[in-house]
Structure formats: structure tokens, C-alpha cells
Protein chains: 2
Amino acid sequence: MTQLKDGQLRIRDIAEIANVSTGTVDRVLHNRPGVKPETKAQILKILENIDYSPNLMAKTLASKRDTRLVILIPAAKDINSYWSQPLSGVQQAIDELSSFRTVVDIYTFDDFDKDSFTQMTNRILKEKPDGVIFSPVFFDSSSSFIHRLENFEIPYAFIDANLEDCSNVAYFGQDAFRSGYTAGKLMSFGLKSGSILVLKLVNNLPISKHVSDRQDGFCKYMRDNNISDKYQIHDVEIDLKQKDEPYKTLTDFFDKNKMDGIYVPNSKTYRIAEFIEKQKIHKPLIIGYDMLPGNIKYMESGSITFLIGQRPEEQAYKAIKTLFEHIVLHKEVKKLNYSSIDIITEENIEFYKDFKNE
Amino acid sequence: MTQLKDGQLRIRDIAEIANVSTGTVDRVLHNRPGVKPETKAQILKILENIDYSPNLMAKTLASKRDTRLVILIPAAKDINSYWSQPLSGVQQAIDELSSFRTVVDIYTFDDFDKDSFTQMTNRILKEKPDGVIFSPVFFDSSSSFIHRLENFEIPYAFIDANLEDCSNVAYFGQDAFRSGYTAGKLMSFGLKSGSILVLKLVNNLPISKHVSDRQDGFCKYMRDNNISDKYQIHDVEIDLKQKDEPYKTLTDFFDKNKMDGIYVPNSKTYRIAEFIEKQKIHKPLIIGYDMLPGNIKYMESGSITFLIGQRPEEQAYKAIKTLFEHIVLHKEVKKLNYSSIDIITEENIEFYKDFKNE
DNA sequence: ATTAATTTTGTGTGCGCACACATTTTTTTT
DNA sequence: AAAAAAAATGTGTGCGCACACAAAATTAAT
């Protein structure tokens, strides 16, 4: 009838201290109306001093309402799509949170189609979820979405891409510039001089900020270390949606040039590796991004030397878990969460594959 | 009064199906005595078909008994001790599991003193915990410990080092051989030929299996890639406990030899980096292990080029969580859990520091 | 056959909280 | 001043489970 043995106070204990009933304490805790201001103030004061935290088990068990989270990400079009990667992390979060009366709905959009994004944001807002995680790839639509979320007081977190000066609960993703910087290090470490191709293979123009930040980081490394003059850097951009690409441009380019290194600042790296393997040309050092099946294949066959990884599953998993902790547990959460910049080679790659099965 | 909306069956539902009371189902579920064999068989059959999983919240809330886990690891003697690293992961696990009426006690021993290990295992067995995590560094004492744990039917998990053919619930740690193999790749990638020193700086002899496995992996890479003839590999072993070491041996060695690369197959890497920075000699490429403060310092000052990381916090965290899941949630868990072989450089190191604060 | 001992089964309470509902107190209206 | 309305506070129930205890059914002993 008194306190718990471990010193953890219950609502009943607070009520006793304040000389009120548990119902009144409950009202204050949940900011429900119908409490005399003085009483409320008194209870709040007690609450401050004792640092009450509700019993998560009892809370979940007694609660009738589900917490509904939404994650909005680009659709994974095929196995070699970057966005197929976070899904296992989402699933893991779903499994873990199901015990806590929390459901996670996955909404997808076409990342080449701004309208599909906007449409989905409208559908999500109609659902009035308790929290939203999304990748703000389209600046304008995202801004509008954010404003409406804030009007409804729906907390949100970013994944993959970040927007500055927002009231997002958290961001999970990589520092694109630094990942490029690291790639620069790796390139120069293995290749003391020569010609380098920065190859942007993209599905939609213009080049996304991610990709250009990576390139900037890559070049900055060379400048910071005063080795820019050791390399001839070529810059090629290919829209994979165009007919006969990337073969047309690549054939053309490699007819005229011999490359010692190639840096592909996105996950389409396997496309150039495939091309190089087919040619009877000097094999350049290739550095790219992400552990897609295609990239893994060409890493294992030796064409790709380094892949920069960023644990997309972990990003999604942590984003969901963190938003949950913020909303349900009222925990303080860290806003800026940079993923590690994993350097993956043929030799250590198998130890990065496991994350997906956890 | 009927089923739950989400199709999840409760004890009461099972009782209804079996035409018995909840008490009887409870006895079967917990394998408590006092149930007529036929009744038990019938309920077990139903249980098989419906795949019952108890409501974790209600279970925890109603349970009176705490689950007690123990983790036994070497004491962290100073800030540059490897074993100070997992502690934050242990703490995180403690925090998370406290909601589930699960406590984790940390027991430490002196990893140069087998007796201190044995003593602790005795103390732990007296406590009769529900599960134990430990690092089986001393083979004989560990074997005996395992036998006694199995007699008491106490499940256990390994961390850092693994023992084959054991009934451990799980193992969390790195593949030492492959980490050395990866180090070999990095060394040869940046250093196409020259003289390499494999430097074992240890506090106690003989050299641990970990360290020799790493060295084996390192050399194997050179052989596998037919580049052994490009390098003159020197092998030096220094006991740091001896007077004037490592300076004496190192001074002696570097008076006679000039090294292009140094591979230190353990976390004492900062000791050689410190030595090298003080000398006015040619700066070799240094590859070592673990993100200890000392190593970070010399990485940031440019003396150490690569550190192989293994996320010790994550290892400890996951080991505890997994043992909990096995014991309390009766989940199937993966037995062999290799950590990633993280390649850390000056450029990406900051993104590996965060794990400790999570 | 009756009672006692034993096995087997059933029932009730509480874990801490959310939330619906009941009661009391205060304020407003007539 | 009494009645009605509103505000403030209190009480009770159930979430699903563990576990102590009560009751019934069976078996053993007299």
C-alpha cells in the first residue's frame, strides 16, 4: 500500500502526497481538463521534484488506443533499388513495437514523381497518425507537408535526407560531404596519381544534393591534402533513363580516355563495374556506394574495390524507434544522428550483410 | 469476453477451448506440477496449433520475480583499456531492461590473473542468476565454469572470445582472422612493397589466440594475393610489463631497420605511434585496433592511418539483450554473431564515436 | 462405507495505469 | 434561499497474467 520497493513512485503515491485522488493526478499527468489551477500547480510541483516515470508495462496494458506511426519512403522498384534496403529495419521495428500497441504503416511514393509524394502526404494527413518519418527529397512538397504536420501537432523525423531549421524530432542519415571526403582518402591512398573519373549515373535530373555533396567532399579531400595536381579529374554525368545509356556515353568516353580510378557518388556503381568487366581495358580502381546486390556482385568479382555503406536498415529502425521513444515514452532524443561511414571491401563485406537478418 | 481483436489469444481463450480454467492452462504453460497427464497433453496440443505468445506487458506487470543476469568481463584498469569500451553498451542494456524487471550485475576480474576469474565464477554461481555473459579468456577455468552453469541449467553467452562446441546461447565478437585479413588488404593497398613490422605489444604472455589469429589473417592475405615477395615482414613481440619497454626494444629495432608499414594486431597501437612521433625517422603506415582514446589521439594527429573497429559497446549490448530475449521471451536467437570489421580512418572516425552516447 | 489424504481443478486478487462513471463541491441562475 | 448548472474530485473496472488460495474430484486408508 505504500511505495514500491525499488523507490519507483506510482500514481497512487503521488496522489497520497498531494492529498488528492489518483484520478486527479491522472488528469494532470495527461493534461486533461477539469482540475482546479491551484491543485494542478501543486501536483506539477510534486511531479518536478520526484521525477515520476510511469510504469511502461501498466501503461501499455491499460491503454486502449494504439499509437500509429507512418513511414513515407520511395518505393523500391527492384532488388537493386536503394530503398529496398531500409525495409528490413522497418520490419524489425514493427515487430518490436507491436508489443507496445504501436503500429507502423509504410507509405511509398515514386521518387521521380513529385506529385506522388504530395498525394501521399495528403493521404497521411487524413489518417492523423501520431508520428511520421519521411525522406524530404522534394524540398517544396516537404516544406508544405511539414507545415501541415506542425499545424496538427504531429511530430516527425527525417531519414536519409535532412532539412535544416526544422522542428523535426530527429534525423537519421549519413553526412554526404564527409562520405565523399572519406572516398577521396581511399582513392588517393591506393592511387598516388593518375586520372580519375567522377561518374554520376542518375535516373533523374537534376543531380540530387546528396550526390553533389559527395562529389564536393571527394574533391575537397584532394585539395586539403595538396594532391589535386597529382590527378586529372574528369566529370561525367549520365541519365540512365536515356536510350542506350550508359553504354553510349561510356563507350565514347573510354575510347578516348584511360582511367586509373572511378568514383561513383551513388549506388548505381554496379553499372560502371558491369561495363568495365565487359571491356578489355585497363581495370581502374572503383569506389562506390551501398551494398546493393549488384554492387556486392561486382565487389566479389573484384571490380569494385570499396563501397561506402551507411546501414540503411539501421537508419530506418532507429528512426522509428526514436520517434516512438519521443512520442510514447517522452524521452529526450538526439536530433542529429549521423550514420557511420562504413568502408566495405571484399574482405570485410560478409560482416556487413548480417544486419538485414537481425 | 471473447478473443482479442487482433487475433491474439489469451490464456483465458485457451482455457475456454480446452474447457478448463485459466489456472490449469497457467500450470501447463509454466510446466508446474499438478495437472492430470491427459489434460496436460490436450492443452499442449492446442498450444501447438495456435502458437500462443503471452502478452509481454501483462506478464511483466504481474510477475513478482526479477530476472537476474550477470556479465563477467575483465576490469577496465584505465581509460586506454579495451574493456572500458563495452561498459556503455552494458549500461544501455541495463536501462532498457529495467522496465522488464530484469537486472544486470557486472562482475569483473583481472585478465592477467586466472585465479581472479575463477573466484568470480564461484561467486556468480552462488548467486544462481538466470543467465550469464562472459568472455572465456582462460580456457580451463571457462570450461569448468561452463560445466557448472550447465548443471544448474543456467544459460550463458560469450562475448569477445568464442569457444567452439559449447551450448552457449550466443556469441558476439569479431572474426579475428578476417580482421587481420582485412588489415592485410589495407596495408598492401596503400603500400605496394617495402618492409612491414608486425608488432605485438602485450601485457601478458603467451600471446592470446585473438592476436595470433589476426596476424595469421594478415599474412594469409599477402599469400593469397601472391604479394608476399613484395614485403619483408618482421615480427617483434614486446612484453609491456618489462622494465623500459617498449622503448628499449623499439629503439634497438629502429636503429637497425627502417619500416614502411607497421601492423599492431591489438589495441596497444598508440604505444608505437607515440614512439614513432618522438623519433625523427621515416613515418611508416600504421594499422591497429580499437577506438581507445590513445589510438584516437594518434589517428587524429596523423600517425595511425587505419584502426580496425569492432563496436565493443554494441557487442555487450546485443549479448545482454539476446540473452534476455532467449530467457524471458523464449525467442529463437542466432548463435554466431560476428561484429562488423569497421575500417576507421581520420576521415570517418567521428561517425563511429557516437555509439557510446546512444 | 466413511473419513482422510491426495490429486486435480477452479477462483480471486493484485500488478500500475487509463478511462468511464459517480460523487462532491462550487458557482450560477431563478 | 433553493434549484440548477458547472466545475472539481473521487471511485471503480478492466487490461492479461502470475500466483496464492479455495474447492472439487479422485484415491487411499480406516
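Here is the naming used below: chain letters follow the sequence lines, and residue numbers restart at 1 for every chain.
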Just to confirm, is there a sub-4.0 Å distance from OP1 or OP2 of [N] to any side-chain nitrogen or oxygen of [X]?
| X | N | answer |
| --- | --- | --- |
| A/Thr24 | D/dG10 | yes |
| B/Lys59 | D/dA18 | yes |
| A/His30 | C/dC19 | no |
| A/Arg65 | C/dC19 | yes |
| A/Tyr52 | C/dC17 | yes |
| B/Thr22 | C/dG10 | no |
| B/Arg101 | C/dC15 | no |
| B/Arg32 | D/dC19 | yes |

- Message: Does the structure show a Watson-Crick or G-U wobble partner for C/dT30, both distances under 3.5 Å? Name it, or say none.
- Response: D/dA1
- Query: Does B/Lys335 make a cation-pi contact with B/Tyr171, if we ask for NZ or CZ under 6.0 Å from the ring centre and within 45° of the axis?
  - Reply: no
In whole Å, what is the span from the [atom1] atom of [X] to the [atom2] atom of [N]?
| X | N | atom1 | atom2 | result |
| --- | --- | --- | --- | --- |
| B/Glu16 | D/dC17 | CD | P | 14 Å |
| A/Lys40 | D/dA7 | NZ | P | 15 Å |
| B/Leu61 | C/dC15 | CG | P | 9 Å |
| B/Asp26 | D/dC19 | CG | C1' | 7 Å |
| B/Leu29 | D/dC17 | CG | P | 9 Å |

- Pick base, sugar-phosphate or nothing for A/Thr39, based on heavy-atom distances below 4.0 Å to the nucleic acid. sugar-phosphate
- Query: Within the structure shown, what part of the strands sits under 4.0 Å from A/Ile11 by heavy-atom distance: base, sugar-phosphate, or nothing?
  - Reply: sugar-phosphate
- Query: Do other residues, nucleotides or ligands put more than 12 heavy atoms under 6.0 Å from B/Arg32 CZ?
  - Reply: yes
- Message: Which residue in the set B/Leu323, B/Thr102, B/Val104 passes side chain to side chain contact (heavy atoms under 4.5 Å, CB included) when paired with B/Thr67?
- Response: B/Thr102
- Task: Report the distance from atom CD1 of A/Ile50 to atom NZ of A/Lys45, rounding to the nearest 0.5 Å.
- Result: 14.0 Å
- Message: Is it true that A/Gln91 and A/Tyr317 share a donor-acceptor pair across their side chains at a distance under 3.5 Å?
- Response: no
- Task: Test for a donor-acceptor pair under 3.5 Å between the base of C/dT9 and the side chain of B/Arg27, counting only N and O atoms.
- Result: yes
